[in-house]
Protein chains: 2
Amino acid sequence: MNHYTTILREHNLKATPQRLEITNALHLNGHMSIERLYEIMLKKFNSISLATIYKNINLMLEASLIQEVKIPNTKSVYELTKESHSHTVCSECREITDIDLDLSKIETLATEISAFKIDYTDLVLSGICKKCQ
Amino acid sequence: MNHYTTILREHNLKATPQRLEITNALHLNGHMSIERLYEIMLKKFNSISLATIYKNINLMLEASLIQEVKIPNTKSVYELTKESHSHTVCSECREITDIDLDLSKIETLATEISAFKIDYTDLVLSGICKKCQ
DNA sequence: CTGGGTGCAAAGTATTTGCATGAAC
DNA sequence: GTTCATGCAAATACTTTGCACCCAG
């Protein structure tokens, strides 16, 4: 049985073909906007509704199965939840890429400066990727 | 003459009372959503239009007079442009605060790992602020 | 005075909701 | 069989646009 079938059911979400295709598309593409996801989904389900996409994205967000990524000057994209990581975004080709960076020093410093108790840290590096330089 | 009068004119924007009040409100409040800004502006201009807010926010963004800040689980807020800095957001009181952190080590590391040429870095720390702990 | 800005109304875009039908389990 | 998801249409929310009038410079 598909991995995401199990995960969906663990969150009391039925494993419909539409939902499995959302997880599949995110797995293959990494980061997708609602708009892009809709285009992809249309290829498999020619009468899928945007409402279905929105409803499922919201349910999956609540279940922490996926996460929203907010990038400057861009619509939000969504990704499957994985270990904490940062993102790069290329201003040329617009590609969004995961990058693993150790932020613990920064977080320690921030806590010392401000007595703020950090739950999670979002870091986005904007610039030009290797290919576009 | 008001500082922002000068800056607006330098960008070929007339220094109208509405625009000066936007800069003033941002100066006093730090970070504001469109909605909150509209509420504040209504106190001074009882017939101001949301369209005026949107038009001016967009013009000021183009002029780099202000910047959009994207925070997880929240509508975008805007702030007056200043030196690069990070933000904390409290999940309890929702307050957004500036914090100065030296990100150069992280940026150097990121460049080494990925050959990505960084133009700017956005860092948001989510958690609980001192007051709410 | 003149060009650009404002407020209003309408249009456009994005997202959510209600409901009848259909599919998952 | 029962519950919940889907797709459609309508409703709501958010943002932009067009235009007549007005004000900053």
Side-chain angles (χ1 to χ4, degrees), chain A residues 1-25 32-63 65-66 68-78, chain B residues 1-25 32-63 65-66 68-78:
Chain A
M1 176 168 16
N2 180 309
H3 176 52
Y4 284 106
T5 301
T6 310
I7 296 188
L8 284 165
R9 290 188 187 155
E10 282 171 2
H11 290 283
N12 299 311
L13 298 174
K14 286 182 179 173
T16 66
Q18 289 87 339
R19 285 175 182 167
L20 290 171
E21 183 55 24
I22 290 176
T23 58
N24 183 48
M32 307 186 81
S33 65
I34 296 285
E35 192 183 10
R36 184 90 185 89
L37 185 55
Y38 182 49
E39 289 172 14
I40 301 265
M41 298 288 289
L42 271 177
K43 291 177 187 165
K44 302 248 175 160
F45 307 92
N46 53 24
S47 68
I48 195 173
S49 162
L50 248 184
T52 299
I53 310 265
Y54 277 111
K55 286 173 193 169
N56 284 326
I57 287 292
N58 287 332
L59 287 168
M60 290 175 169
L61 282 172
E62 284 170 36
L65 223 159
I66 63 173
E68 185 176 9
V69 182
K70 293 191 172 197
I71 302 284
N73 316 311
T74 314
K75 295 205 179 90
S76 287
V77 296
Y78 300 86
Chain B
M1 176 166 20
N2 181 309
H3 175 53
Y4 284 107
T5 301
T6 310
I7 296 188
L8 284 165
R9 290 188 187 155
E10 281 171 3
H11 291 283
N12 299 311
L13 298 174
K14 286 183 179 175
T16 65
Q18 290 87 340
R19 285 175 182 168
L20 290 171
E21 182 56 23
I22 290 177
T23 57
N24 183 47
M32 306 187 82
S33 65
I34 295 286
E35 192 183 10
R36 184 90 185 88
L37 185 55
Y38 182 48
E39 288 172 14
I40 301 266
M41 299 288 288
L42 271 177
K43 292 178 187 165
K44 302 248 176 159
F45 307 92
N46 54 22
S47 68
I48 196 174
S49 162
L50 248 184
T52 299
I53 310 265
Y54 277 110
K55 285 173 194 169
N56 284 326
I57 287 292
N58 287 331
L59 287 168
M60 289 175 172
L61 281 172
E62 283 170 36
L65 223 158
I66 64 174
E68 185 176 9
V69 182
K70 293 190 172 196
I71 302 284
N73 316 312
T74 315
K75 295 205 179 90
S76 287
V77 295
Y78 300 87

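Worth knowing before you read on, the calculation uses all heavy atoms, side chains too, and leaves out hydrogens, waters and symmetry mates. Lettering of chains follows the sequences in order, A, B, ..., and the numbering in each one begins at 1.
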Query - Euclidean distance, atom CG of residue Leu8(A) to atom C1' of dC4(D) [Å, nearest integer] - result: 13 Å
Query raised in the report: Is the shortest heavy-atom distance from the side chain of Met60(A) to the side chain of Arg19(A) under 4.5 Å?
Result: yes
Query raised in the report: To the nearest Å, how far apart are Tyr38(A) OH and dT6(D) P?
Result: 14 Å
Query raised in the report: Do the side-chain N or O atoms of Asn12(B) get closer than 4.0 angstrom to the phosphate oxygens (OP1, OP2) of dG4(C)?
Result: no
Query - Members of residues 44-54 of chain B that approach DNA chain C, where some heavy atom sits under 4.0 Å away - result: Ser47(B), Ile48(B), Ser49(B), Ala51(B), Thr52(B)
Query raised in the report: Any side-chain heavy atom of Lys70(B) within less than 4.5 Å of one from Ile71(A)?
Result: no
Query raised in the report: Which whole-number value in Å describes the distance from Arg36(B) CZ to dC14(D) C1'?
Result: 19 Å
Requested in this report: First locate atom CG of Asn73(A), then atom CD of Glu68(B), and finally report the distance between them rounded to the nearest 0.5 Å.
Outcome: 7.0 Å
Requested in this report: Decide yes or no on side chain to side chain contact (heavy atoms under 4.5 Å, CB included) for Leu13(B) and Asn56(B), but give the supporting numbers first.
Outcome: CA-CA 9 Å; Leu13(B) 298 174; Asn56(B) 284 326; over 6 Å; no
Report summary line: Taken in chain and number order and not counting sequence neighbours, the residues that satisfy side-chain contact (heavy atoms from CB on, under 4.5 Å) with Leu42(B) are Tyr38(B), Ile48(B)
Query raised in the report: For Lys75(B) and dT15(D), what is the distance between atoms NZ and C1' respectively, to the nearest whole Å?
Result: 13 Å
Report task. Send over the distance from Ile22(B) CD1 to dG5(C) C1', rounded to a whole Å. Result -> 12 Å
Query raised in the report: Any side-chain N or O of Lys55(B) less than 4.0 Å from the OP1 or OP2 oxygen of dT15(D)?
Result: no
Report task. Could you tell me the separation between the CG atom of Asn56(A) and the P atom of dA5(D), rounded to a whole number of Å? Result -> 8 Å
Query raised in the report: Rounded to the Å, how far apart are Leu61(B) CG and dT16(D) P?
Result: 10 Å
Query raised in the report: Does Gln18(B) have a side-chain nitrogen or oxygen under 4.0 Å from the phosphate oxygens OP1 or OP2 of dC23(D)?
Result: no
Report task. Name all pairs fulfilling the salt bridge (charged side-chain N to carboxylate O under 4.0 Å, His left out) condition that reach into residues 1-13 of chain B, sequence neighbours left out, sorted by first residue then second. Result -> none
Query raised in the report: To the nearest 10 degrees, how far apart in direction are the end axes of the helix from dC1(C)-dG25(D) to dC25(C)-dG1(D), each fit to five base pairs?
Result: 50°
Query - His11(B) NE2 to dG4(C) P, straight-line distance once rounded to whole Å - result: 17 Å
Report task. Look up atom OH in Tyr78(A) and atom CD1 in Ile53(A), then write down how far apart they are to the nearest 0.5 Å. Result -> 11.5 Å
Query raised in the report: Does the side chain of Ile57(B) come within less than 4.5 Å of Leu37(B)'s, by heavy atoms?
Result: yes
**Report entry** Least distance between heavy atoms, Ser33(B) atom then Val77(B) atom
**Finding:** N-CG1, 3.8 Å
Query - Protein proximity profile, nucleotides 20-25 of chain C - base contact B, sugar-phosphate-only contact S, no contact -, cut-off 4.0 Å on heavy atoms - result: ----BS
Query raised in the report: Leu20(B) versus Asn24(B): any side-chain heavy-atom pair under 4.5 Å?
Result: no
Query - Where at least one partner belongs to residues 34-53 of chain A, residue pairs that pass salt bridge (charged side-chain N to carboxylate O under 4.0 Å, His left out), sequence neighbours excluded - result: Glu21(A)-Lys44(A), Glu35(A)-Lys75(A), Arg36(A)-Glu39(A)
